[in-house]
Protein chains: 2
Amino acid sequence: MSRHEELRAIALAEFAASGFAATSLQRIADLAGMSKASVLYHFESKERLLAEIVNPALDDLDALIVSVDEAGALRHRDFVERFVDLLLLHRQVVPLVINQGATLDDVPVMHRATLLMRRVSELFRLASGSTLEKLRFGVAFGGVAYTLAAAERLGLNGEIPIDEVRSALLEILHDLLVPAESPIA
Amino acid sequence: MSRHEELRAIALAEFAASGFAATSLQRIADLAGMSKASVLYHFESKERLLAEIVNPALDDLDALIVSVDEAGALRHRDFVERFVDLLLLHRQVVPLVINQGATLDDVPVMHRATLLMRRVSELFRLASGSTLEKLRFGVAFGGVAYTLAAAERLGLNGEIPIDEVRSALLEILHDLLVPAESPIA
DNA sequence: CAGAAAGCTGTCCGATCGGTCAGTACCGTT
DNA sequence: AACGGTACTGACCGATCGGACAGCTTTCTG
């Protein structure tokens, strides 16, 4: 792993655990065993560092949305499965975006995240659905994000195999989202 | 509303929206139309201010847990209902604790929150349940918290009557949690 | 009306923040 | 041996942080 990637990994872990604003470049530098000036050599600013961390996940989400748009329609179950795989692949980024997206919406990369999530919700056409449907959507995605993030803090899950988490999340999400009528159907 | 309560309300909104660490006493003072020194006159420290905001909600949660313990058993549905009412009553505090509890666990009041949430999970005996049951619990409570917090950012809910939210959340939570075997039954 | 108490403020403090910059040590290439 | 680029650093900057404190008003009370 290059120094650059190493820094990204360290910063991601800290941003997700402590928050972007609360994580200083000095702390990242300490964890990486280098000076703060060196961190700013690799990434021209703190915001840039955040962008390089979050953008790959957003690129994948964007691609998923585009592929659904092009297909015109997609079986509901297939979309949920691909979405869950995406969340699991980027599972460290998910809580960062979910928990701090509102706070950091003035940062361009986080605003991009907000826009993409809105498009996902529109795919389900739930923005115009009933209260129950809207809340089902909110609970489903917020719940998954929360679970991927900090559930171990409450002793809810320890070292659970990723496959087991995947199948369980698929079942839960399917239960929650299928009742809602959707163009993905 | 007294000046003291007004400051608490302003600080709560800011802490929930921007995070504890990212919200300065100066900003709270500006929003309240007074000086930073005055804020520190009402609350001897920033941590104290947080404690006075969060503790009332934790007191209510504590009381709910104790009442369940004393009753020995409680119908599952009743507990969920009382829990949802508690979340709705303190709906501004919920995201604060959920999103930032891990970050601020060294702050006494937030550690108390962590301990109480752990006791709730134990009430459901889900800490020793299957992966699916554990994740159901995580998704349920994380999802509700997230929904109460920032869902409007995605256009998921606008100005929905609280009663409607309540009944919808009850239905969703019941769907999610009932499949799990529980001593509350 | 006097004095205590409560409310509030300006000023200052040390610490830390993100970021700049000149300079250094180490590299493979020629 | 001279070189240019890459990695890195210490020192420094202005801004902001939470907090301490003396002193100024306003309000309550005897």
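Naming: A, B, ... by sequence-line order, numbering from 1 per chain.
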Would you say B:Ser35 reaches C:dT9's phosphate, i.e. side-chain N/O to OP1/OP2 under 4.0 Å?
-> yes

side-chain N/O A:Arg3 vs D:dT6 OP1/OP2, d < 4.0 Å = no

Over how many whole Å does the gap from B:Phe43 atom CZ to C:dG7 atom C1' extend?
-> 13 Å

How about B:His4 and B:Glu52: does a side-chain donor come under 3.5 Å of a side-chain acceptor?
-> yes

What's the CE-P distance between B:Met34 and C:dG7, to the nearest Å?
-> 10 Å

What is the distance from atom CZ of A:Arg91 to atom CG of A:Leu89, rounded to the nearest 0.5 Å?
-> 8.0 Å

How would you list all residue pairs meeting salt bridge (charged side-chain N to carboxylate O under 4.0 Å, His left out) that involve residues 11-25 of chain A, not counting sequence neighbours?
-> A:Glu14-A:Arg27

Sugar-phosphate or base contact per nucleotide [nucleotides 16-22 of chain C; S, B, -; heavy atom under 4.0 Å] = -SBBBB-

Residues B:His111 and B:Asp106: side-chain donor-acceptor under 3.5 angstrom | no

Compare every heavy atom of B:Leu7 with every heavy atom of B:Ala32, then report the nearest pair and how far apart it is.
-> CB-CD2, 3.6 Å

Separation of B:Leu176 CG from A:Arg136 CZ (nearest 0.5 Å) | 8.0 Å

At under 4.0 Å, does any side-chain N or O of B:Tyr41 touch on OP1 or OP2 of C:dC8?
-> no

Taking only the side-chain nitrogens and oxygens of B:His42, find out if one of them lies under 4.0 Å from OP1 or OP2 of C:dC8.
-> yes

Verify the contact: side-chain N or O of A:Ser38 to OP1 or OP2 of D:dA7, cut-off strictly under 4.0 Å; return yes or no.
-> no

